[in-house]
Number of protein chains: 2
Amino acid sequence: MPRIIIFEDNDKLRESLAYLLKTQPEYEMVGEYNNCKEAATITRVYKPDVVLMDIDMPGDSGINGVRYVKENRPQTSVIMYTVFEDDEKLFQCLCAGANGYLLKQTPPQKLFDGIQEVIAGGAPMSPVIARKVLNSFQHGKSNKYFLTPREIEVLHLLIKGYSAKMIAANLDISFDTARAHLKNIYQKLHVNSGKEAIGKALGEHIV
Amino acid sequence: MPRIIIFEDNDKLRESLAYLLKTQPEYEMVGEYNNCKEAATITRVYKPDVVLMDIDMPGDSGINGVRYVKENRPQTSVIMYTVFEDDEKLFQCLCAGANGYLLKQTPPQKLFDGIQEVIAGGAPMSPVIARKVLNSFQHGKSNKYFLTPREIEVLHLLIKGYSAKMIAANLDISFDTARAHLKNIYQKLHVNSGKEAIGKALGEHIV
DNA sequence: TTCGGTATCACTCAAATGAGTGAGTACCCG
DNA sequence: CGGGTACTCACTCATTTGAGTGATACCGAA
């Protein structure tokens, strides 16, 4: 019987979730907590099969919660359960090893389906989340730093590891012009080197 | 009424799929093709809402098919429908803009659900696919270049944009030692600069 | 027409980087 | 014990880079 643990700071929501799950004879509720400070220990002791994890909790956020659980018991499936659609947090959770991502607007039946799905080795995601996840593989291009088209070209080459000289040759402009573009890019990204620019660009899905 | 087009080279499968969809009064089958060479034109002319696309087709593969469709009509949702679980092809499809990825073992009812889901703005994925997609955000660490633990530490700092001097300070080693590690990393990765190393490391999910 | 933004190019200078060479220590494994 | 690997450090040298400053040209909006 799948063992389930809930981390959720909203008392009302947590209790009603726990109540709902307890009414399902096919699950075993082995714990519910209003914070994830002790998630590591709890995970080691109770060995849950599925963890429902809220993101926005006082103290350690659920993003750390995922880490605590996964580091101590990788085979436990963690489903994020949150109101937020925040892109940054979403990707942090995924990188921390979350196995699913359901929005709190998810009706109880879909929640049960999701639990079944992670147990079966799947990855339940609310439709809007799934779409964002797939989108992250292609578009990106938030360009929140207002790079000009030319600067984006230069940044692409920079990311490919090109030196200023190679960029100049590739775009058929002078060495100093290439360097001028680079300097402007660094200013806009608030960094002081090409290496930082590459890290920021790839990390924040700018290109 | 959602307009649907199928690209699938297996005649029997394509025809039975088309037949199945035609029996559903809520969809309108506007075309079925055994290749995607003309996918661009077909898309512009018939303006489908949903495209079912096989990957493994003679001539242009379905990966190009996705591109043809998406370049000509981004609002058309493309669902990949294939027997393959090949990771490389999977990610190529996603990067090309696919909106869903269902395995051919998917029962018809789930297929209809998937079509509904893309139309609603979601991203239908077979469980095993969804899991792979999420895993791709964390797994990494193939270390096929045989970096030593220390070198991996250095590489991590390099990716964060640290200079040799900062790396030395952070690891409490001398400036020249930090540079020595960097030189060894560049050798192992077959690159000649920190920028290239960052690009390769992030691009190949080494770290 | 003036102003702002983009793109282009040049010059300087201190600092960082990549490449080469050499070498000492520590540890594990056979 | 010996050999291999990892980690450490130092020195040199040419090249690249980041930062500062300034200048010209084009274009579109005010």
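Naming convention: chains lettered A, B, ... in sequence-line order (proteins, then strands); numbering from 1 in each chain.
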On the nucleotide [N], are OP1 or OP2 found under 4.0 Å from the side-chain N or O atoms that [X] carries?
X	N	result
B/Thr177	D/dT8	no
A/Ser193	D/dT17	no
A/His181	C/dT8	yes
B/Lys195	D/dT17	yes

Which nucleotide sits closest to the side chain of [X]: [options]?
X	options	value
B/Lys165	C/dG18, C/dA16, D/dA10	C/dA16
A/Ser163	D/dT17, D/dA19, D/dA10	D/dT17
B/Asp176	C/dT17, C/dA19, D/dA10	D/dA10
B/Arg179	D/dC11, D/dA19, C/dG18	C/dG18

Five pairs at each end of the helix from C/dT1-D/dA30 to C/dG30-D/dC1: take the axis at both ends and give me the angle between them to 10°.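 That helix gives 50° between its end axes.
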Point-to-point distance, once rounded to the nearest 0.5 Å, from NE2 of A/His190 to NZ of A/Lys200: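 NZ of A/Lys200 is found 6.0 Å from NE2 of A/His190.
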Using whole Å, report how far [atom1] of [X] lies from [atom2] of [N].
X	N	atom1	atom2	answer
B/Asn184	D/dA6	CG	P	9 Å
A/Phe175	C/dT8	CZ	C1'	15 Å
B/Glu151	D/dC7	CD	P	6 Å
B/Ile173	C/dT25	CD1	P	19 Å
B/Ile152	D/dC7	CD1	P	10 Å
A/Tyr186	D/dT17	OH	C1'	8 Å
B/Glu196	C/dT17	CD	P	15 Å
A/Lys183	D/dG20	NZ	P	9 Å

Is any side-chain heavy atom of A/Pro124 closer than 4.5 Å to a side-chain heavy atom of A/Ile79?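 They are in side-chain contact.
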Heavy atoms, side chains only, cut-off 4.5 Å: are B/Pro2 and B/Glu28 in contact?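 Contact flag for B/Pro2/B/Glu28 side chains = no.
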Backbone N or O of B/Ile6 within a donor-acceptor pair of the B/Arg14 side chain at under 3.5 Å?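 No; zero donor-acceptor contacts below 3.5 Å.
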Go through the steps for B/Lys195 and A/Leu158 under the test side chain to side chain contact (heavy atoms under 4.5 Å, CB included), then give the verdict. CA-CA 8 Å; B/Lys195 292 199 286 277; A/Leu158 181 70; 3.5 Å; yes
5' precedence on DNA chain C between B/Gln187 and A/Arg150 (nearest-nucleotide basis):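 The answer here is A/Arg150.
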Which is more 5' along DNA chain C, the nucleotide nearest B/Tyr162 or the one nearest A/Ala180? Just name the residue.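 Its nearest nucleotide being more 5', the pick is A/Ala180.
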May I ask you to check whether A/Asp60 and A/Tyr68 show a side-chain donor-acceptor distance below 3.5 Å?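 A donor-acceptor contact under 3.5 Å links the two side chains.
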A/Asn99 side chain to A/Lys70 side chain, donor-acceptor N/O pair below 3.5 angstrom: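 Yes, because at least one side-chain N or O of A/Asn99 sits under 3.5 Å from a partner of the opposite role on A/Lys70.
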Does a side-chain N-to-carboxylate-O contact under 4.0 Å join B/Lys104 and B/Glu8?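 Salt bridge: yes.
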